[in-house]
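Presented below is the structure to which this report refers.
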Amino acid sequence: MSDPRTLTVRPTPGEYAWTFGGAPPVARIAPGTVLELYTEDCFAGRVRSEKDLVSEVCEFPFLNPQTGPFHVEGAEPGDTLAIHFVSIEPARDWAASTTVPLFGALTSTHTTATLQPPLPEAVWIWQLDRERHTALFTARDGDISVELPMDPMHGTVGVAPANLEVRSALVPDAHGGNMDTPEMRAGVTCYLGVNVEGGLLSLGDGHARQGEGETCGVAVECAMDTVVIVELLKGIATPWPRIESDTHIISTGSARPLEDAFRISQLDLVQWLVRDYGFSELDAYQFATQTVESPLANVCDTNYTCVAKIRKEWLPAGETHRGIHACLRETAAALLR
């Protein structure tokens, strides 16, 4: 993976993808390619002030634009794409968050229907200090302001689904998509199972920061300048999106109800321990039960996403995904020098 090929992509407004599956690739790339990408925020850059209500400036279903998709040469069903996040940096000095009628965890929704009006629509503009890496919360109804550390992440990373499906970029599932987990930050490697020839990788939905659960349904949404390295693992199947950091292995599950998303992530973690770390199934079940951390990713999307993670320092000796995370970390370190 020395001297990897680099491709820079900055889409024009008409060049974003709005679905996973059903969109032609914007480029064909070889494994090992470094992608330098601009991604627009989930509002396509249209929410710029407190007066820009989503219902007035955005057109449903054209929300959550994705940069891509990218056809990875040689990728076939049964393989895995490894996407290493070298850097994720806000592309603007501001970000936006909102409440949206009939959307979020603490309001009536189309699927949780109640006889009461939706919460009002409101916009918060967050000022970002990119040098100090902070995001400033300013209250709408008072003089409270709080400076928080930025923790940039990508809410949406995915490939084309299986079985000829086309899924909205708002939906998380086994193909990845709008998982909204804060774990998807710089320094991690995301593993996505390939369902169609070329994989068709896309990403977007940058967040300057987000709390676990994304309670109101909207994070601190911002455009991003992101660098990733894309590798291909032949003959390794990954049934649900996985993430590897320097400290943890991390499984995800997306479904409704929330307990099913929890079960998927926990089961995938158990099966990961069996496949790569030498556990029997029942031993893995017991070990995971006593060591797992289970943060929520989102409890607001069309499917909810749960995370199951275990500290690497507690795992027996073993190599996962052919040790690609460590290799990509070395490549990333060289790029950042």
Side-chain angles (χ1 to χ4, degrees), residues 18-21 42-43 54 60-61 63-64 66 97-114 118-119 151 153-159 161-162 165-185 188 190-193 195 202-207 209-221 238-243 248-272 288-289 292-310:
W18 305 94
T19 62
F20 287 93
C42 69
F43 309 117
V54 173
F60 187 83
L63 295 166
N64 212 15
Q66 302 298 301
S97 191
T98 69
T99 51
V100 179
L102 299 177
F103 182 63
L106 299 183
T107 185
S108 301
T109 71
H110 293 290
T111 53
T112 304
T114 60
L119 289 177
D151 187 8
M153 52 165 280
H154 272 279
T156 306
V157 184
V159 294
E165 285 192 1
V166 176
R167 305 298 296 273
S168 164
L170 295 169
V171 178
D173 210 314
H175 66 284
N178 193 31
M179 297 177 285
D180 286 320
T181 172
E183 305 289 348
M184 203 74 73
R185 56 174 61 93
V188 308
C190 175
Y191 302 109
L192 297 170
N195 301 303
S202 300
L203 66 154
D205 191 25
H207 299 171
R209 64 169 296 116
Q210 179 210 300
E212 293 172 358
E214 198 182 21
T215 308
C216 82
V218 184
V220 182
E221 310 282 345
T238 303
W240 283 88
R242 293 175 176 175
I243 304 168
H248 289 78
I249 63 170
I250 305 163
S251 290
T252 70
S254 299
R256 282 202 185 199
L258 182 60
E259 63 196 71
D260 281 351
F262 176 86
R263 288 181 176 124
I264 291 167
S265 64
Q266 300 287 321
L267 175 61
D268 186 74
L269 188 65
V270 166
Q271 292 175 335
W272 194 350
T289 298
V292 70
E293 301 167 54
S294 303
L296 296 174
N298 90 80
V299 191
C300 54
D301 288 337
T302 48
N303 285 330
Y304 302 150
T305 301
C306 286
V307 166
K309 54 190 285 192
I310 288 181

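Values below: all heavy atoms of this structure, side chains included; hydrogens, waters and symmetry mates excluded.
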Do you know which two heavy atoms are closest between [X] and [Y], and how far apart they sit?
{"X": "Leu192", "Y": "Gly176", "answer": "CD2-CA, 4.2 Å"}
{"X": "Gly104", "Y": "Thr109", "answer": "O-CG2, 3.6 Å"}
{"X": "Ala174", "Y": "Pro239", "answer": "CB-O, 3.7 Å"}
{"X": "Ile310", "Y": "Ala288", "answer": "CD1-CA, 4.1 Å"}
{"X": "Thr302", "Y": "Pro172", "answer": "OG1-CD, 4.0 Å"}
{"X": "Ala219", "Y": "Ser97", "answer": "O-OG, 3.0 Å"}

| query | Are the side chain of Gln210 and the backbone of Pro182 linked by a donor-acceptor contact shorter than 3.5 Å? | reply |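 Judged by distance alone, no pair lies under 3.5 Å.
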
| said: Using a 3.5 Å distance criterion without hydrogens, assess whether the side chain of Thr98 forms a donor-acceptor pair with backbone atoms of Val100. | reply: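 No; zero donor-acceptor contacts below 3.5 Å.
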
Can you tell if the side chain of [X] reaches within under 4.5 Å of the side chain of [Y], non-hydrogen atoms only?
{"X": "Glu165", "Y": "Asn195", "answer": "no"}
{"X": "Ile264", "Y": "Cys306", "answer": "no"}
{"X": "Ser265", "Y": "Val307", "answer": "no"}
{"X": "Phe103", "Y": "Asp301", "answer": "yes"}
{"X": "Ile249", "Y": "Tyr191", "answer": "no"}
{"X": "Val188", "Y": "Glu183", "answer": "no"}
{"X": "Asp205", "Y": "Asp180", "answer": "yes"}

| said: If the condition is ring-ring contact (aromatic ring centres under 6.0 Å, His included), which residues does Trp18 pass it with, not counting sequence neighbours? | reply: Phe62

Nearest 0.5 Å, please: how far is [atom2] in [Y] from [atom1] in [X]?
{"X": "Thr107", "Y": "Leu119", "atom1": "OG1", "atom2": "CG", "value": "3.5 Å"}
{"X": "Asn303", "Y": "Asp260", "atom1": "CG", "atom2": "CG", "value": "10.0 Å"}
{"X": "Glu221", "Y": "Leu63", "atom1": "CD", "atom2": "CG", "value": "10.5 Å"}
{"X": "Trp272", "Y": "Ile250", "atom1": "CH2", "atom2": "CD1", "value": "7.5 Å"}
{"X": "Met184", "Y": "His207", "atom1": "CE", "atom2": "NE2", "value": "11.5 Å"}
{"X": "Thr252", "Y": "Leu269", "atom1": "OG1", "atom2": "CG", "value": "11.0 Å"}

| query | side chain to side chain contact (heavy atoms under 4.5 Å, CB included) between Val218 and Phe43: does it pass, once the steps are laid out? | reply | CA-CA 10 Å; Val218 184; Phe43 309 117; 3.8 Å; yes

| query | Which class fits the ring pair His175 and Phe20: parallel under 30°, tilted 30 to 60°, perpendicular over 60°? | reply |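 It falls in the tilted class, 30° to 60°.
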
| task | Take Ser294 and Phe262, measure what side chain to side chain contact (heavy atoms under 4.5 Å, CB included) needs, and give me the verdict at the end. | result | CA-CA 8 Å; Ser294 303; Phe262 176 86; 3.9 Å; yes

| said: The test is side chain to side chain contact (heavy atoms under 4.5 Å, CB included); show your working for Leu102 and Ser108 and say whether it passes. | reply: CA-CA 5 Å; Leu102 299 177; Ser108 301; 4.3 Å; yes

| request: Go through the steps to decide whether Ser254 and Thr305 satisfy the test side chain to side chain donor-acceptor pair (under 3.5 Å), and finish with yes or no. | output: CA-CA 4 Å; Ser254 299; Thr305 301; 2.8 Å; yes

| task | Could you list all the salt bridge (charged side-chain N to carboxylate O under 4.0 Å, His left out) pairs where at least one residue sits in residues 101-112, not counting sequence neighbours? | result | none

